[in-house]
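Only one structure is covered here, and it is reproduced in the block below.
Count residues from 1 along the sequence.
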Amino acid sequence: MIKKNLAPPSNNAFTSFLPLRTKDKHYKFCWDSVLGYLVHILYSKSLFTKNVDEFKSLCRKSFSKNLESDDSGLWDIIEKMYFQNDELFKISPEFLIFKAAGKEIDANSKKLGDMYAGVLNGFTVESSSVTNLNFLEREIKSEFDKFHVSGKKNTPKEIPTYLPFISEYFKEDLRFLNKKPHYLLGNFNSVIRLYGFLYISQMALSINNWACGEPKSEPCFFILDNEKASEERSQVKNCGYEKIRDHLEYLYPYLFMNEALQEKNNVQPLWKLFDEINDSHIDALNDFGEDFIADRTERKWYNTELNWQRSEDKKTVLAQLLEASHSQFHRRKGRLATYSNTAVKGTLRNILDPFIQNRKRGGNVLAFNQDYIVLLTNLVIGEREKLRFHEVIKEFEARGVYFDKQSQQNLVDFYERMGNVERMSDSGDAVYVRPTV
């Protein structure tokens with residue numbers, strides 16, 4: 001895991017876990033391409049170079065063989081029904097691969113897609129059910145399966161995930177959604193935006209806890225989008241948007257240093273790296289720390305003098321290395337703060353943005369709109385008939401979504417307006433929530 005020959009890299013770039021880079025142009029994503037890229041990984045299908053028009057031509061030939069001569073005009077009807085206005089994408093989730101096929105996926109979107117591949121951690125699902133498709137849709141799906149000749153299925157590469165608990169919930173939720181293909185089709189983009197937020201926000205909140213073992217869900221408080229965010233709501237104020245924003249600045253320097261210490265082909269999370277460090281690594285890490293500070297000082301990337309303190313304690317050594325990396329980007333200690341700020345702002349504005357609202361005097365808050373509440377509720381209930389409200393809240397929190405008591409009451413009111421609540425008594429323990437799918 002630890003490099004045999006440690007030497008300070010000439011730049012601060014890294015490629016593992018997150019799509020963080022240091023220029024604004026790197027945060028321009030095509031979410032359709034990201035979705036198509038994720039679909040190709042999830043369903044274990046290759047990204048072919050043919051496009052929708054070529055697939056349409058194949059379908060036309062196939063249908064023409066099966067149609068009587070008197071029915072030759074039927075193809076025109078089929079074409080209008082399924083090959084216009086994105087109707088093709090409503091047949092099966094697998095068809096969404098066309099959003100990334102037939103063209104070279106841009107580097108930014110692929111890098112973001114690789115983040116989701118890491119969250120999937122090698123997980124795949126079987127082809128979605130055709131039970132609810134009509135005979136025309138089944139024929140088109142059958143042609144898609146022929147058109148998409150992927151040969152022998154390759155075993156998906158297990159890219160390490162930084163947050164195993166988020167990965168497990170992502171897999172669980174996708175496994176459930178794959179059994180509800182039409183619901184998945186209507187919500188696929190929202191699912192990836194939701195899990196993009198959960199993965200990055202929880203990584204930010206746990207990045208400084210690298211010495212505490214495998215990460216677990218950290219409190220991150222939201223409000224409902226129709227609520228007021230008053231100053232008195234301390235959990236929302238202290239453990240919401242501002243906390244995430246403040247912790248995001250550690251992601252770039254810490255993940256860079258984490259990668260700089262490891263072999264490129266097997267970069268593990270920082271918390272796992274710390275577990276693996278033993279006495280045989282200490283001298284090399286101390287030498288690397290001295291060389292790193294000397295290198296960055298020579299490049300004039302520090303504003304203040306840093307001195308390495310040799311230590312035999314692995315926690316002290318790794319903490320110094322992370323501080324040496326972070327200091328380059330610190331607004332007072334270093335001269336590279338602009339680059340770190342670009343990564344933070346790019347992430348907030350282009351990946352986490354669906355869950356951030358500006359409340360003017362109240363500043364920015366984390367908020368769930370009604371569509372995301374319904375989606376998350378359906379995900380946590382899954383295939384169960386109903387779930388006790390308090391258990392719904394626990395499932396939310398396990399995924400990294402927390403609501404204070406005021407929001408929880410508003411959540412019950414929202415469920416009651418939707419009509420998916422069973423209130424067995426006035427006690428909160430006797431309130432059950434049913435799914436809407």
### Task
Enumerate the residue pairs fulfilling side-chain hydrogen bond (donor to acceptor under 3.5 Å, both in side chains) with a member in residues 1-11, sequence neighbours excluded, ordered by first and then second residue.
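The answer is none; no pair qualifies.
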### Task
May I have all residue pairs that pass side-chain hydrogen bond (donor to acceptor under 3.5 Å, both in side chains) and include part of residues 18-31, sequence neighbours excluded?
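Pairs touching residues 18-31 that pass the test: Arg21-Asn108.
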### Message
The criterion is salt bridge (charged side-chain N to carboxylate O under 4.0 Å, His left out); which residues satisfy it with Lys264, sequence neighbours excluded?
### Response
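With neighbours one apart ignored, the set is Glu259.
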### Message
For Tyr372 and Phe368, take the angle between the two ring planes, folded into 0 to 90°, and tell me which bin it lands in: parallel under 30, tilted 30 to 60, perpendicular over 60.
### Response
perpendicular
### Message
For His330 and His326, take the angle between the two ring planes, folded into 0 to 90°, and tell me which bin it lands in: parallel under 30, tilted 30 to 60, perpendicular over 60.
### Response
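The rings of His330 and His326 stand perpendicular, inter-plane angle above 60°.
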In chain order, what residues pass the side chain to side chain donor-acceptor pair (under 3.5 Å) check against [X], with sequence neighbours excluded?
X: Asn341; value: none
X: Asn178; value: Tyr43
X: Glu276; value: none
X: Arg359; value: Gln357

### Task
Go through the structure and list residues passing ring pair (Phe, Tyr, Trp, His ring centres under 6.0 Å) with Tyr195, not counting sequence neighbours.
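Applying ring pair (Phe, Tyr, Trp, His ring centres under 6.0 Å) to Tyr195 gives Phe170.
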### ring pair (Phe, Tyr, Trp, His ring centres under 6.0 Å) against Phe83, all qualifying residues, sequence neighbours excluded
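Once residues adjacent in sequence are excluded, the partners of Phe83 under the ring pair (Phe, Tyr, Trp, His ring centres under 6.0 Å) criterion are Trp75.
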Using atom types as modelled, flag every donor-acceptor pair under 3.5 Å from a side chain in residues 217-230 to any protein atom, sequence neighbours excluded.
| unit_1 | atom_1 | unit_2 | atom_2 | d |
| --- | --- | --- | --- | --- |
| Ser217 | OG | Glu397 | O | 2.5 |
| Ser217 | OG | Tyr402 | OH | 3.0 |
| Glu218 | OE2 | Asn209 | ND2 | 3.4 |
| Glu227 | OE1 | Leu224 | N | 2.7 |
| Glu227 | OE1 | Ser407 | OG | 2.7 |
| Glu227 | OE2 | Arg233 | NH1 | 3.2 |
| Glu227 | OE2 | Arg233 | NH2 | 3.3 |
| Glu227 | OE2 | Ser407 | OG | 3.3 |
| Glu227 | OE2 | Asn410 | ND2 | 2.6 |
| Ser230 | OG | Glu232 | OE1 | 3.3 |

### Pair listing, salt bridge (Lys or Arg N to Asp or Glu O under 4.0 Å) test, anchored in residues 79-89, at least two apart
Lys56-Glu79, Glu87-Lys90
### Task
Keeping to residues at least two apart or across chains, list the salt bridge (Lys or Arg N to Asp or Glu O under 4.0 Å) pairs with something in residues 370-380.
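Pairs touching residues 370-380 that pass the test: none.
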